Amino acid sequence: MKTLWQHCHVASMAQGAYSIIEDAAIVTSASRIEWIGPRQALGAIAVEHTVDLGGAWVTPGLIDCHTHTVFGGNRSGEFEQRLQGVSYAEIAAAGGGIASTVRATRAASEDALYASALRRVQALMRDGVTTLEIKSGYGLDLASERKLLRVIRRLGEQLPLTVRATCLAAHALPPEYAGRADDYIEHICDELLPALAAEGLVDAVDAFCEYLAFSPAQVERVFLTARELGLPVKLHAEQLSSLHGSSLAARYQALSADHLEFMDEADAIAMAEAGTVAVLLPGAFYFLRETQLPPMDALRKHGVKIAIASDLNPGTSPALSLRLMLNMACTLLRMTPEEALAGVTLHAATALGLGHSHGSLEVGKVADFVAWDIERPADLAYWLGGDLHKRVVRHGIELSD
Ligand code: DI6
Ligand code: FE
């Protein structure tokens, strides 16, 4: 089916800039963009449908490239405790933190995990998200990680949404491996990852490189296994301290290194050379009341592509709005609204290995876009959450509200 979408302005985000086309037209053919440009340059064309977008601003569908959306329970009780002065270390020593989410996740059925994640995914979709990455990492054993990845696959099958599944088995040390981190890494490399990859449940492999999680040497073993399995890698790096995980990620041509508050200029140079995207997570920065900013000047100076994501997770970023993250990227990380929008479109697509097909509105790419009832593109980073009036098109088909 061929459709002409007109009476709109476009911020195509080609090359990661607004690339504005005023009074634009878009022609979609089945799920792809066949033509895009100024309306008066289109000429006569035979289409089956014409849609009047009422003067809306059209952007690519938003892409949330780093989330932990599937988990059991939540940690609002810990949030209350922390506000009363109980420290993270005390909460963790009492069995809280990631360990409590792992317990709740292991105990939950696949259907219960699906139902709770569905609500969160629907919240993200109300913000114009059409592509979503979701990590496992709260199961930490083969059966439980499989359960999470199956829920992630099911979300992608049931919803009008492109979902990428990342295996984050190396997120934390499960209790049955206490004091034996190397043995757990060996289990991931020898059994868990090969099995889940063979089942077609994994699109990419991630790990948490941190003094309270896994060392660069342990992460490297996971990366080598991913390479043998033909899977791309990503890394949680430099969130709380500088272990140069981001440089390690670059050495393995990682799609992205994420968090990065404590990275340095040498890490930025390594990432730029490898084309590894910097995924910044302003929700976690805010929720942890972090004061160390990622080195924005070094990232810009060396031309590292910067993506923004929600990091939606129960411990450090219970963020249900990607547009709110745009605002925080501007207010907290000092990004411009244009950089922030590129961070949830083209650069987020690249961080998922989808830069060739998603993330900008160009001929041949998928027709995933949002027509926003706004005055100018910066409005997307300006409003603090809320439900902006919009129409969402995925694969050339308008979704009902
Ligand atoms: N970094 C984070 O901020 C989260 N995971 C990670 O690797 C924390 C996850 C949690 O506390 O549940
Ligand atoms: Fe994360």
Side-chain angles (χ1 to χ4, degrees), residues 64-79 81-82 87-106 108 113 116-117 120 124 132-140 144 148 152 164-174 204-215 218-219 222 233-241 243 245-246 249 254-263 277-290 292 294 307-319 322 325 328 348 351-352:
D64 195 344
C65 68
H66 177 143
T67 82
H68 312 244
T69 307
V70 185
F71 52 84
N74 82 37
R75 309 232 292 274
S76 59
E78 287 181 17
F79 179 55
Q81 284 181 287
R82 282 204 292 127
S87 75
Y88 253 135
E90 288 164 332
I91 290 171
I98 293 185
S100 73
T101 300
V102 171
R103 274 197 307 278
T105 303
R106 286 179 172 182
L113 288 170
S116 66
R120 296 188 277 270
L124 292 172
L132 177 64
E133 185 256 19
I134 308 177
K135 302 171 196 297
S136 66
Y138 288 117
L140 309 184
S144 307
L148 293 173
I152 295 169
R164 304 297 277 181
T166 300
C167 183
L168 177 60
H171 189 195
L173 197 59
V205 174
D206 196 348
F208 189 14
C209 187
E210 195 55 67
Y211 66 89
L212 49 65
F214 298 101
S215 69
Q218 290 165 338
V219 168
V222 175
V233 298
K234 314 169 77 68
L235 190 64
H236 285 68
E238 272 73 73
Q239 180 184 7
L240 307 169
S241 64
L243 300 179
S246 43
L255 292 172
S256 69
D258 305 38
H259 285 287
L260 303 176
E261 282 85 345
F262 289 85
M263 73 181 281
V277 176
V279 178
L280 305 183
L281 304 165
F285 180 91
Y286 162 79
F287 203 71
L288 295 176
R289 295 208 187 103
E290 182 58 67
Q292 169 88 23
I308 298 296
S310 70
D311 197 17
L312 169 51
N313 79 69
T316 61
S317 189
L322 188 57
M325 299 303 109
M328 289 186 177
L352 297 180

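Quantities reported herein were computed from a predicted structural model and do not represent experimental measurements. Below, all heavy atoms of this structure are taken into account, side chains as well, without hydrogens, waters or symmetry copies. Counting starts at 1 for both ligands and their atoms, following the listed order.
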For residues 164-171, please give each side-chain donor-acceptor pair under 3.5 Å, one per line with the distance, not counting sequence neighbours.
| residue | atom | partner | partner atom | Å |
| --- | --- | --- | --- | --- |
| Thr166 | OG1 | Glu133 | OE2 | 2.6 |
| His171 | ND1 | Gly137 | O | 2.9 |

Sequence neighbours excluded, the answer for salt bridge (Lys or Arg N to Asp or Glu O under 4.0 Å) partners of Glu290 is none
Using a 4.0 angstrom limit on heavy atoms, which residues are close to ligand 1? Arg75, Ile98, Tyr138, His171, Phe208, His236, Gln239, His259, Asp311, Asn313, Gly315, Thr316
Run through the protein N/O/S atoms less than 2.8 Å from the Fe ion (ligand 2) and write them out by chain and number. His66 NE2, His68 NE2, His236 NE2, Asp311 OD1
Verify, without hydrogens or angle tests, whether [X] (side chain) and [Y] (backbone) share a donor-acceptor contact under 3.5 angstrom.
| X | Y | answer |
| --- | --- | --- |
| Arg103 | Gly95 | yes |
| Thr105 | Thr101 | yes |
| Glu210 | Ser241 | yes |
| Glu238 | Ser246 | yes |

Correct closest heavy-atom pair for Ala204 and Lys234 would be CB-CD, 4.3 Å
Partner of Leu322 under side-chain contact (heavy atoms from CB on, under 4.5 Å), chosen from Thr67, Asp64, Leu132: Asp64
So, His66 versus Asp311: side-chain donor-acceptor pair below 3.5 Å or not? yes
